[in-house]
Amino acid sequence: MSDATETESRKLLQRLRDAMAEDSAGQARLDKITHLIADSTGSEVCSIYLFRDSETLELCATEGLNAEAVHQTRMKLGEGLVGRVARYGRVINTADAPSAKGFRYMPETGEEIYSSFLGVPVQRLGEKQGVLVVQSKDAREYSADEVYALEVVAMVLAEMTELGAFVGEGAALAAPHQNPALIRATTAQEGAAEGHVWLHEPRVVVTNPIAEDPHAELVRLREAVDELRVSVDQMLAGASGGDAEQVQVLEAYRMFANSKGWLRRMEEDISRGLSAEAAVEKEQSQARARMNMATDAYLRERLHDLDDLSNRLLRILTGQGQNTGADMPSDPILIARNIGPAELLDYGRSLKGIVLEEGSVGSHAAIVARALAIPLVVHAGGITTDALNGNHIMVDGDQGIVHLRPDDTVVTAFRDKIAMQAKAQERYASIREKPATTKCGKTISLQMNAGLMADLPSLEGSGAEGVGLFRTELQFLVRNQMPKRSELSALYARVLDAAHGKRVVFRTLDIGSDKVLPYMKPNDEPNPALGWRAIRVGLDKRGVMRMQLQALIRAAAGRPLTIMFPFVAQYEEYRQARAEMEKVMERERKLGHVLPEKVEIGAMLETPSLAFAPDKFYEEVDFLSIGGNDLKQFFFAADRENERVRKRYDSLNVSFLTFLEGIVKRCEASGTSLSFCGEDAGRPVEAICLAAMGLRALSMRPASIGPVKNILRSVDLDGLRRVIEEGKLRGDQSVRPAVMNYLRSNS
Ligand code: PEP
Ligand code: MG
């Protein structure tokens, strides 16, 4: 790049800045800018197209095309050359526009006489804002240098748009981040919530995209990069020997932080007249655009690392830390790209809802959100870019939909839905003390799933008979080191205190698969769900298992104790675990600790193999609980974490119901007590079908107890059973349609 072009570029940016400084309206600024760009690039035409809504681009200003076309000419995303630049976020540079792929003739603009076309995307941090176009009559391709210069201008335009510089009356532009947006996401925890946005990581605002003194900016950039490198080295030194994945990410950070290409590109941008911050953001925007297009998971991860690193650099440059001084709203809905379980627990129940741009249904954060009963949606594309602190937001955790800055009709409909749910809650409260006895006279025991101390107050309020599943792994997941026996024992004792004599089923540590402890060496397993997890880890690492069993015995301090081993796939595993418990009890007795008055030792049935275990197992085990989430994934060979296949198989599939019925029969024959504690137990229609198949104890999240009890009290299980049997005979794949029909005709 020659010094002359650098100077030209800087001159243009300075003129743009002067234009922005003038006290004129948004439209006047846009008009002036197109004039300046056309003039400075020697093009006959310069046009700016901006998004009117997420699908439509509008010609907002032009120098050279027919003035009447401004605010009239519109195109859909992907339509014509302009629409294609926007859709793919890529430059189109052609000497012969009418022959270029995708060209669409817009007669009102008078553009047919211009042969060459250069369009560059106007985008900021992955958010598409519009397209900047220059056109000329002579058939020539713009040089690489000219393309680059226009990209720098587009970057400045993007910053100005973000700052609301082109906002105006009438047909002009609305300020950014003001339009309502509907984002389709994925449900991870049901429930509806209304509140205001609280960004977990506030956005860095760049207010000075254009700099006067490139030399000073270069010095600022280099100093900031040096600081960044030092901090990455320090983080690496702190992490080495720890979690291999974290070390890998930090090594990628170091590689980028030392990348000459990255620094060189930013330096070139500064030479063109951008400020250091704008140069960093320009690189970041391009990385985000690539990230959105990348299909390769590894590449996406690395682009993600680069994005994080750019954020760190921006924070160093702007001095804007995490804490912006903003006050958390009283009804915060947390917005984050991703969040760890410990950070989420820090917010605790103060949050009304959580929306994650990434995340996954089975992530630790989802487990915590579920334990806290906070509505959570994940995979909410673009939310961290679009949402601003304080924006009004509604989260529909049932449908997996987010309404950002909703308009009045949406607000009314959503509030109606919340009101209906509140009414239903009142109805549930009125039956809280009543048993879940069906019309045909069968009583189902309803219990709750828990995993945090904070869950225990729900035991009273929800009407649960006890805790059918206490997931103990949460205390292990949210710490940076293995919890001590004394800590665990104190916590379990508090759980038993809070239960006031109601039965609590403590499930021993269920880690592995998706639940990886931060302080345990991760295993690189090709198939973690089928790998070294739960009881398999417990039996191989006896020390951890013993420590937990001791903590439970000490916590019980003479009270009855119920323990359940997760993921038992064969009789021998149960036998060994039970023998370990007996050994630990004997040791505790010798040490002088009071033993529990009564001990029940059960197993979770989460693999089909256990349904076919020898009779002796069924006779020996004190109780069984079906972990439907895992059992279903293994029954259908469909990963519970994989969105594509997860929903493919209905829980009311006749094969699955028949399989469950077989387990019920075996338990009846051996007199083994049986419950069901997967998510399906908390879904009303699924719950009544489980009851119809013979299950008499269901454990679910506390909020589900009311709805499930309500429907159970209104249903005739014999009638429902007949409907299911008829469906089977007919060869239905799932009995859901038949069951829904039955419920409708009997309501
Ligand atoms: C299950 O698998 O159904 C279960 C209750 O355990 P988790 O969801 O914790 O794996
Ligand atoms: Mg499970």
Side-chain angles (χ1 to χ4, degrees), residues 187-190 341 360-373 376 446-452 455 464 466-478 504-517 527-538 548 562-569 573-574 577 602-611 623-642 646 649 651 656 659-660 663 674-683 686-687 690 695 697-702 704-705 708:
T187 291
Q189 165 65 42
E190 286 141 16
S360 82
V361 176
S363 64
H364 301 169
I367 297 169
V368 173
R370 227 166 275 154
L372 294 169
L376 163 71
L446 302 186
Q447 298 163 26
M448 62 174 254
N449 293 346
L452 292 171
D455 293 330
V467 178
L469 168 66
F470 190 91
R471 292 179 161 106
T472 60
E473 53 276 9
L474 279 173
Q475 283 74 40
F476 288 79
L477 283 171
V478 298
V504 179
V505 180
F506 287 100
R507 175 175 79 182
T508 60
L509 193 54
D510 182 8
I511 49 159
S513 185
D514 58 313
K515 302 169 194 158
V516 183
L517 297 184
N527 246 320
L530 306 177
W532 195 56
R533 52 177 292 200
I535 187 87
R536 300 169 183 178
V537 179
Q548 195 181 23
T562 312
I563 287 176
M564 173 161 79
F565 292 109
F567 209 65
V568 175
E573 286 164 350
Y574 174 75
M604 283 189 82
L605 196 158
E606 301 184 272
T607 61
S609 63
L610 207 62
F623 64 92
L624 276 176
S625 189
I626 297 175
N629 308 336
D630 273 315
L631 186 62
K632 196 175 145 196
Q633 85 164 334
F634 298 119
F635 186 77
F636 289 111
D639 188 345
R640 63 192 263 193
E641 296 297 316
N642 182 335
R646 197 167 70 89
Y649 304 96
S651 304
F656 191 52
F659 180 58
L660 294 178
I663 300 169
L674 176 68
S675 65
F676 187 106
C677 66
E679 296 300 316
D680 282 329
R683 301 191 173 111
E686 280 81 343
L690 292 173
L695 278 143
L698 303 173
S699 192
M700 61 202 72
R701 60 192 181 97
S704 298
I705 291 185
V708 168

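Every number for a ligand or one of its atoms is a count from 1 in the order of the listing.
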Exercise. Between the main-chain N or O of Arg640 and the side-chain N or O of Lys632, is there a donor-acceptor pair closer than 3.5 Å?
Worked result: no
Exercise. Among the N, O or S atoms that Glu606 has, which is closest to the Mg ion (ligand 2)?
Worked result: OE2
Seminar exercise, completed: Per-atom filter on ligand 1: closer than 4.0 angstrom to a heavy atom of Leu469 are 5 (C)
For this session: Starting from atom 6 (O) of ligand 1, locate the nearest protein heavy atom and write down its residue, its atom name and how far away it is, to 0.1 Å.
Result: Arg507 NH1, 2.9 Å
Exercise. Hey, does Glu679 sit under 4.0 Å from ligand 1 if you only count heavy atoms?
Worked result: no
Exercise. What do you reckon, does Arg533 have a nitrogen or oxygen under 3.5 Å from a nitrogen or oxygen of ligand 1?
Worked result: no
For this session: Please confirm whether Gly628 comes within less than 3.5 Å of ligand 1 when only nitrogen or oxygen atoms on both sides are compared.
Result: yes
Seminar exercise, completed: Smallest heavy-atom separation, Glu606 atom then Phe567 atom, equals OE1-N, 2.8 Å
Exercise. Looking only at distance, does Glu606 have an N or O less than 3.5 Å from an N or O of ligand 1?
Worked result: yes
Exercise. Hey, is the Mg ion (ligand 2) within less than 2.8 Å of some N/O/S atom on Asp630?
Worked result: yes
For this session: Could you verify whether a donor N or O on one side chain and an acceptor N or O on the other, from Gln447 and Ser675, lie under 3.5 Å apart?
Result: no
Exercise. For ligand 1, which atoms sit closer than 4.0 Å to a heavy atom of Asp630?
Worked result: 1 (C), 2 (O), 3 (O), 10 (O)
Problem set entry | 4.0 Å heavy-atom contact, Lys632 with ligand 1 | no
For this session: List the atom of Ala534, the atom of Asp510, and the distance in Å for their closest heavy-atom pair.
Result: CB-OD1, 3.2 Å
Exercise. Among Asn629, Asn449, Leu474, which one has a heavy atom closest to atom 1 (C) of ligand 1?
Worked result: Asn629
Exercise. Any idea which atoms of ligand 1 are less than 4.0 Å away from a heavy-atom of Gly678?
Worked result: 3 (O)
Exercise. For Gln189 and Ala369, which heavy atoms make the closest approach, and how far apart are they?
Worked result: CG-O, 4.2 Å
For this session: List every atom of ligand 1 that sits less than 4.0 Å from any heavy atom of Cys677, numbering the atoms from 1 in the order shown and giving each element.
Result: 5 (C)
Exercise. Where is the tightest heavy-atom contact between Ala681 and Met700, given as atom of each residue plus distance?
Worked result: O-CE, 3.4 Å
Exercise. Do Phe635 and Phe659 make the cut of ring centroids closer than 6.0 angstrom?
Worked result: yes
Problem set entry | Pairwise distance CE(Met604) to OH(Tyr574) - rounded to 0.5 angstrom | 14.5 Å
For this session: Give me the one residue out of Phe656, Phe636, Phe676 that meets side chain to side chain contact (heavy atoms under 4.5 Å, CB included) with Leu631.
Result: Phe656
Exercise. Which atoms of ligand 1 are found less than 4.0 Å from any heavy atom of Arg640?
Worked result: 2 (O), 7 (P), 8 (O), 10 (O)
